[in-house]
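Comments concern the structure below.
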Amino acid sequence: MSRALHCLAFLPEGSHKAISRREFLKQRRPMAIERTFSILKPDATRRNLTGAINALIEAAGLRIVAQKRVLMTRAQAETFYAVHKARPFFGELVETMTSGPVVVQVLEGEDAIRKYRDVLGATDPAKAADGTVRKKFALSVGENSAHGSDGPETAAVEIAQFFAGNEIVG
Ligand code: CMP
């Protein structure tokens, strides 16, 4: 047998198949522990949904390693959503995010960025899958209950906007 095919992958049903050494090592590699940034938005805090959303976060295996309730200033909201500055909904977005308290969070876990976006569901609640935060709780695309970072670089920048390193306890 060639060196490339000397590993066996054991399948759930008890059978197995030969796979390459490279694929074998890839499958054994644990996923990286990541951090992502979350905001429970004013529409969620107004309806007392912090605990309900946190329950979905924790049920997905994510750990809330930092959390605080704050009233975002206009400047903070404009900085946070600067990437959307040219969009027609930017003004409405800033108004919405400063209309009441938000809960900012750092979530930690394997593949946390993708996992949390799965927990949230599609940005537009009309397109969100059953069981997701947006499907269960969102009122509209603007009042969609929660935000999650879309990638590792964004997560690092977003976390740093609201938390000092010593406020995050993993
Ligand atoms: P969020 O994940 O916080 O990232 C950017 C936000 O902009 C998004 O969730 C929505 O709440 C908001 N948004 C996106 N598209 C629209 C839209 N067409 N109208 C109003 N708000 C929007």
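Both ligands and their constituent atoms are indexed starting at 1 by order of listing.
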Please work out whether any backbone atom (N, CA, C, O) or any side-chain heavy atom from C-beta onward of Asp124 is under 4.0 Å from ligand 1, and answer side chain, backbone, both or neither. neither
With respect to atom 21 (N) of ligand 1, which of Gly142, Gly91, Pro125 exhibits the smallest heavy-atom separation? Gly142
Could you tell me whether Glu143 approaches ligand 1 through its side chain, its backbone, both or neither, with non-hydrogen atoms closer than 4.0 Å? neither
Linking I/L/V/M/F/W/Y whenever any side-chain heavy atoms sit under 4.5 Å apart, do Phe163 and Met97 land together? yes
What about the rings of Phe37 and Phe162, do their centers lie closer together than 6.0 Å? yes
At a 4.0 Å threshold, what atoms of ligand 1 neighbour a non-hydrogen atom of Arg134? 2 (O)
When hydrophobic residues are tied together by side-chain contacts of less than 4.5 Å, even through go-betweens, does Val106 share a cluster with Ile39? yes
Could you check whether Arg46 pairs with Glu143 (Lys NZ or Arg NE/NH1/NH2 to Asp/Glu carboxylate O, under 4.0 Å)? yes
Atom indices of ligand 1, in the order listed, that fall short of 4.0 Å to a heavy atom of His84: 5 (C)
Between Arg63 and Glu108, does at least one N-O distance fall below 4.0 Å, as a salt bridge requires? no
Give a yes/no verdict on whether any heavy atom in Lys41 is under 4.0 Å from an atom of ligand 1. yes
With heavy atoms and a 4.0 Å threshold, my read on which part of Val141 contacts ligand 1 is both
Could you check atom 18 (N) of ligand 1 against the protein and tell me its nearest heavy-atom contact, residue, atom and distance included? Phe89 CD2, 3.7 Å
Numbered in order shown, the ligand 1 atoms found under 4.0 Å of a heavy atom of Leu93 are 6 (C), 7 (O), 12 (C)
Indicate yes or no: does an N/O atom of His147 lie under 3.5 Å from an N/O atom of ligand 1? yes
Check: Glu58 side chain, Ala55 main-chain N or O, donor-acceptor pair, under 3.5 Å: no
Short N/O distance, under 3.5 Å, between Asn144 and ligand 1? yes
N/O to N/O below 3.5 Å, does that happen between Tyr81 and ligand 1? yes
Looking at Glu34 and Arg114, is any side-chain nitrogen of the basic one under 4.0 Å from a carboxylate oxygen of the acidic one? no
Using a cut-off of 6.0 Å, state whether more than 12 heavy atoms not belonging to Lys68 lie near its atom NZ. yes
